[in-house]
Asks: 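Attaching a single structure in structure tokens format; questions to follow.
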Amino acid sequence: MLQFEAYLDQQLKTALKALNYPDIEYQFDRPKAEAHGDISVNLAMLLAKSLKQNPRQIAQQIVNALSLDSRQIAKVEIAGPGFINFFLAEAGLQARVPEILQGGENYGRFTLGESRPAMVEFVSANPTGPLTVGHGRGAVVGDTVANLLEWSGYKVTREYYFNDAGRQMRVLGDSVRLRYLELLGEKIDFPEDYYQGEYIKDIAAKVLQAHGSVLKESAETDIFKETAVREIFADINRTLESMNVRFDSYFNEMDLYRNGDIDRVIENLKKKNLAYEQDGALWFKASQFGLEKDRVIVKSSGEPTYRLPDIAYHIVKFQRQFEIMVDIFGADHIATYPDVLAGLRASGYDSSKVKVLIHQFVTLMEGTEKVKMSTRKANFVTLDELIAEAGGDVTRWFFLMRSMQSHLNFDLKLAKTHSEENPVYYNQYAHARICSILRNAEEKGIRCEGKTGLSASQFAPLREKSEFELIKKLLEFPKTVYKCALDYEPHLLPLYLSEVSTAFHKFYTECRVISEDEALTRARLGLCLAVKTVLGNGFRIVGVSAPERM
RNA sequence: GCUCCCUUAGCUCAACGGAUAGAGCAGCGGCCUUCUAAGCCGUUGGUUGGAGGUUCGAGUCCUCCAGGGAGCGCCA
């Protein structure tokens with residue numbers, strides 16, 4: 001579609017110039033109704049006001065001024081309040097198929113980022129326990145946004161920020177210690193606000209296995225904490241790996257203290273008179289940056305609040321030269337990021353380079369019953385358990401299907417019982433079907449040409465409606481990737497891919513690929529390969545597998 | 001009390017400010033001697049939570065109201 005749009009844009013601009021109309025910004029649209037053509041333009045309606053003319057008349061004048069190549073555009077119509085609708089020529093559509101094949105694994109990529117560095121920071125859960133279903137949504141959204149930025153031409157770093165020090169961690173270590181003592185037969189009183197999960201007992205057992213009972217009387221506590229962090233992190237990474245999520249780097253909050261980044265933030269703010277002492281604490285003048293009130297950054301105990309390291313961390317990101325910094329947060333952090341952005345502005349950085357994406361919560365349903373998710377309570381469904389039930393591909397796809405600002409109901413029961421009828425398999429099945437056809441063709445000795453030796457004329461045998469519909473759908477891929485990336489709306493991709501699959505299944509039902517007609521067979525095999533290309537590329541961005549058989 | 005998100009078909013959700021609001025699931029009825037039926041076709045289903053406003057045009061933007069969620073800390 002982009003080729004057609006670029007062509008039309010150029011022609012329309014020429015027409016506007018000839019008519020002495022202002023050169024304004026307008027949109028291309030893919031009309032829903034078939035009768036409205038393949039590409040429509042709202043140009044005339046937008047011009048109506050400044051020209052003080054009837055939009056349909058303006059449209060007519062523009063159309064009259066156009067001289068379009070009939071091999072690209074078959075027909076132009078004016079409709080409704082003043083839309084100009086373009087109908088694509090069959091030859092033009094056929095000619096696009098080899099372009100998809102030539103693009104291959106890179107079809108849909110674009111170069112907007114020009115290899116400039118971007119960072120996506122996500123998950124960033126402290127290693128206190130297994131990831132929750134909520135983390136899963138963040139993980140999938142983050143990884144997919146990262147994939148989209150890569151397809152936009154950015155050089156992307158996926159980073160996991162964590163803190164393995166502080167009160168939270170002391171409680172974790174002590175939780176393990178108590179379970180350890182319990183294993184040694186001691187009667188213990190396990191505090192309510194400690195980590196209740198079974199995994200703590202597993203870690204305690206590991207400590208016992210490695211060190212025996214010598215730690216019973218010892219004052220040593222670090223071993224418990226360190227073992228817990230190591231084990232939990234290993235679990236977290238295993239879980240993420242099962243959803244195809246991998247990180248390029250891990251950033252430990254402690255480094256901000258060791259390297260003096262925290263102190264520098266404080267000094268800088270003080271120097272600029274943007275921080276002051278009150279009640280023994282250090283306050284940041286957030287109110288000078290549009291926020292409701294000032295915020296404490298160092299408690300009277302001398303410990304920083306979470307804001308300070310967060311600000312320092314983002315400054316480090318700037319120093320690492322990232323041009324785009326995306327943060328993925330759950331809705332519970334919604335109130336925290338304005339402080340961080342204000343802190344960045346106060347420190348002299350352009351906070352518009354930081355893009356904060358907030359995803360709403362996942363409500364896990366077991367039938368009609370809500371399952372509450374809290375790390376500290378013993379009763380929760382982990383991301384791991386969800387993946388075990390639904391599978392990595394299904395979990396990924398489901399998390400991505402909905403726009404992130406909408407609450408997601410994930411019905412476990414449905415994921416189990418209807419797993420064969422869910423959209424992931426629908427899409428993967430299309431891919432597997434194509435692979436099967438290609439295998440059959442190969443067995444029959446019909447060679448499907450690869451990237452070379454393809455000419456538009458080879459696709460001239462494609463004449464059926466379902467074939468053209470399929471080609472049109474395939475041609476929307478680059479624009480869809482572009483839009484998903486720029487608007488940070490990954491959910492549009494699964495939606496689009498389902499449309500591709502629908503168009504393919506329809507084509508498959510109506511058109512036999514391998515037939516006696518050799519030219520037609522080869523044209524259709526090429527089309528199948530083009531569908532496989534688009535689905536495969538789409539799956540790669542979404543992060544699900546592209547099965548050859550099902 | 002204040003801030004952010006949501007409210008669309010029976011259920012879960014889509015829809016760059018565009019034309020007759022769409023999918024999947026659930027329901028009903030069809031289609032396998034031919035490349036994978038995890039598929040296709042048909043059909044039922046709507047006052048887009050309510051009231052105003054902005055404009056050529058509103059599910060989408062603005063104001064108010066109602067309901068649900070998440071926050072509002074010298075916790076993260």
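Throughout, a chain's letter reflects where its sequence line sits, starting with A, and its residues are numbered from 1.
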Asks: NA contact type, A:Cys511, heavy-atom cut-off 4.0 Å: base, sugar-phosphate, or nothing?
Replies: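 Base contact.
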Asks: How is the base pairing of RNA chain B summarised as a dot-bracket string, given the Watson-Crick and G-U wobble criteria with both distances under 3.5 Å, [ ] for crossing and | for another strand?
Replies: (((((((..((((....[...)))).(((((.......))))).....(((((..]....))))))))))))....
Asks: In whole Å, I'd like the distance from the CG atom of A:Leu357 to the P atom of B:A70.
Replies: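 The answer, rounded to whole Å, is 21 Å.
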Asks: Using a cut-off of less than 4.0 Å, is there contact between a side-chain N or O of A:His491 and OP1 or OP2 of B:A15?
Replies: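 The answer is yes; a side-chain N or O of A:His491 sits under 4.0 Å from OP1 or OP2.
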Asks: Check whether the side chain of A:Asn85 and the base of B:A19 form a donor-acceptor pair under 3.5 Å.
Replies: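 Result: at least one qualifying N/O pair found.
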Asks: Apply the test side chain to side chain donor-acceptor pair (under 3.5 Å) to residues A:Tyr337 and A:Asp310: give CA-CA distance (whole Å), side-chain angles for both, the deciding distance (0.1 Å), then the verdict.
Replies: CA-CA 9 Å; A:Tyr337 79 90; A:Asp310 275 4; over 6 Å; no
Asks: Give one of base, sugar-phosphate or nothing for A:Ala33, where a contact means two heavy atoms less than 4.0 Å apart.
Replies: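 If one applies the 4.0 Å heavy-atom cut-off, A:Ala33 turns out to touch nothing in the nucleic acid.
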Asks: Charged N to carboxylate O under 4.0 angstrom, A:Lys75 versus A:Glu77?
Replies: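 A salt bridge is present here (some side-chain N lies under 4.0 Å from a carboxylate O).
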Asks: Are A:His407 and the base of B:G69 stacked, counting only ring centres nearer than 5.5 Å and planes tilted under 30°?
Replies: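 Per 5.5 Å and 30° rule: no stacking.
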Asks: What interatomic distance, in whole Å, is found between C1' of B:G29 and the corresponding atom of B:C35?
Replies: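 The answer is 28 Å between these two C1' atoms.
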Asks: How far does the P atom of B:C41 sit from the matching atom of B:C4, given to the nearest Å?
Replies: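 To the nearest whole Å, 44 Å.
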Asks: Quick one: is A:Ser403 getting a side-chain N or O under 4.0 Å of the B:C5 phosphate, OP1 or OP2?
Replies: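 Negative; the distance criterion is not met.
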Asks: Which value, in whole Å, describes the distance between the P atoms of nucleotides B:U55 and B:C16?
Replies: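 Between the two P atoms, the distance is 22 Å.
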Asks: Answer yes or no: is there an ion pair linking A:Glu303 with A:Arg167, defined by an N-O contact shorter than 4.0 Å?
Replies: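 Looking at A:Arg167 together with A:Glu303, the answer is no, because their closest N to O distance does not fall below 4.0 Å.
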Asks: Would you indicate what A:Ala430 reaches in the nucleic acid, counting non-hydrogen atoms under 4.0 angstrom: base, sugar-phosphate, or nothing?
Replies: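 Touches nothing.
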Asks: Pick one: which of A:Phe361, A:Phe398, A:Trp397 meets ring-ring contact (aromatic ring centres under 6.0 Å, His included) with A:Phe410?
Replies: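 Of the listed options, the one satisfying the test is A:Phe398.
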Asks: Report, one pair per line, the protein and nucleotides 74-76 of chain B atoms (nitrogen or oxygen only) whose separation is under 3.5 Å.
Replies:
| residue | atom | partner | partner atom | Å |
| --- | --- | --- | --- | --- |
| B:C74 | O2 | A:Ser300 | N | 2.9 |
| B:C74 | O2 | A:Ser300 | OG | 2.8 |
| B:C74 | N3 | A:Ser300 | OG | 3.4 |
| B:C74 | N4 | A:Asp279 | O | 3.0 |
| B:C75 | OP2 | A:Lys299 | NZ | 2.4 |
| B:A76 | OP2 | A:Tyr306 | N | 3.0 |

Asks: Under 4.5 Å between any side-chain heavy atoms of A:Phe122 and A:Val326, yes or no?
Replies: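 Side-chain contact under 4.5 Å: no.
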Asks: What is the nucleic acid contact for A:His36, judged by heavy atoms within less than 4.0 Å: base, sugar-phosphate only, or nothing?
Replies: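 It contacts base atoms.
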Asks: Check whether any side-chain heavy atom of A:Pro55 lies under 4.5 Å from a side-chain heavy atom of A:Leu47, and answer yes or no.
Replies: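 A:Pro55 does not reach A:Leu47 side chain to side chain.
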Asks: Does A:Phe284 have A:Arg307 sitting over its ring (NZ/CZ under 6.0 Å from centre, angle to axis within 45°)?
Replies: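 Geometry flag: not set, cation outside 6.0 Å or 45°.
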Asks: Sugar-phosphate means primed atoms, P, OP1 and OP2; the rest is base. With that split, encode nucleotides 29-34 of chain B 5' to 3' as B, S or - using protein heavy atoms under 4.0 Å.
Replies: -----B
Asks: Under 4.0 Å between any heavy atoms, over every strand shown, what does A:Gln27 touch: base, sugar-phosphate, or nothing? Just pick one.
Replies: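 The residue A:Gln27 makes base contact.
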Asks: Classify the nucleic acid contact of A:Lys49 as base, sugar-phosphate or nothing, counting any heavy atom under 4.0 Å across all strands shown.
Replies: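 If one applies the 4.0 Å heavy-atom cut-off, A:Lys49 turns out to touch the sugar-phosphate alone, with no base involved.
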Asks: Step by step, would you call A:Asp261 with A:Tyr313 a side chain to side chain contact (heavy atoms under 4.5 Å, CB included)?
Replies: CA-CA 8 Å; A:Asp261 297 307; A:Tyr313 173 43; over 6 Å; no
Asks: Could you tell me how far B:C40 sits from B:C32 if I compare only their C1' atoms? Round to whole Å.
Replies: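 11 Å, rounded to whole Å.
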Asks: Are A:Phe83 and the base of B:A19 stacked, counting only ring centres nearer than 5.5 Å and planes tilted under 30°?
Replies: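 Yes, the aromatic ring of A:Phe83 stacks with the base.
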Asks: Using atom C1' in both nucleotides, what's the gap between B:A51 and B:C5 to the nearest angstrom?
Replies: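 One C1' to the other, the span is 22 Å.
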Asks: So, does A:Tyr426 get its side chain near the phosphate of B:C25, meaning an N or O under 4.0 Å from OP1 or OP2?
Replies: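 No, no such contact exists.
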Asks: Rounding to an integer number of Å, can you tell me how far A:Asn427 CG sits from B:A23 C1'?
Replies: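 From A:Asn427 CG to B:A23 C1': 12 Å.
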Asks: Need to verify one output field. Residue with the more 5' nearest nucleotide on RNA chain B, A:Ser40 or A:Asp487?
Replies: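 It is A:Asp487, whose closest nucleotide lies nearer the 5' terminus.
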Asks: Any side-chain N or O of A:Lys32 below 4.0 angstrom from OP1/OP2 of B:A19?
Replies: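 For A:Lys32, the contact criterion (side-chain N or O under 4.0 Å from OP1 or OP2 of B:A19) is met.
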Asks: Distance check, P atoms only: B:A26 and B:A19, in whole angstrom units.
Replies: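 Result for the P pair: 30 Å, nearest Å.
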Asks: Just confirming the chi classification of B:C25, syn or anti, using 90° around 0 as the syn window.
Replies: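 This nucleotide is in anti.
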Asks: What integer number of Å spans the P atoms of B:G45 and B:C28?
Replies: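 So the two P atoms sit 16 Å from each other.
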Asks: In whole Å, I'd like the distance from the CG atom of A:Asn409 to the P atom of B:U12.
Replies: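 For the pair A:Asn409 CG and B:U12 P, the rounded distance is 6 Å.
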Asks: Is there a side-chain polar atom (N or O) of A:Tyr508 under 4.0 Å from OP1 or OP2 of B:A37?
Replies: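 Answer yes for this pair, as a side-chain N or O of A:Tyr508 is under 4.0 Å from OP1 or OP2.
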Asks: Quick one: on RNA chain B, does A:Asp29 or A:Lys506 contact a more 5' nucleotide (nearest heavy atom)?
Replies: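 On the 5' side of the pair lies A:Asp29.
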Asks: For the pair made of NE2 in A:His431 and P in B:C35, what is the distance, rounded to whole Å?
Replies: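 One finds 20 Å between P of B:C35 and NE2 of A:His431, rounded.
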Asks: If I pick the C1' atom on B:U48 and the same atom on B:U8, what distance separates them, to the nearest angstrom?
Replies: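 4 Å, rounded to whole Å.
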Asks: Quick one: do A:His359 and A:Phe399 satisfy ring pair (Phe, Tyr, Trp, His ring centres under 6.0 Å)? Show the steps, please.
Replies: CA-CA 10 Å; A:His359 66 85; A:Phe399 278 150; 8.7 Å; no
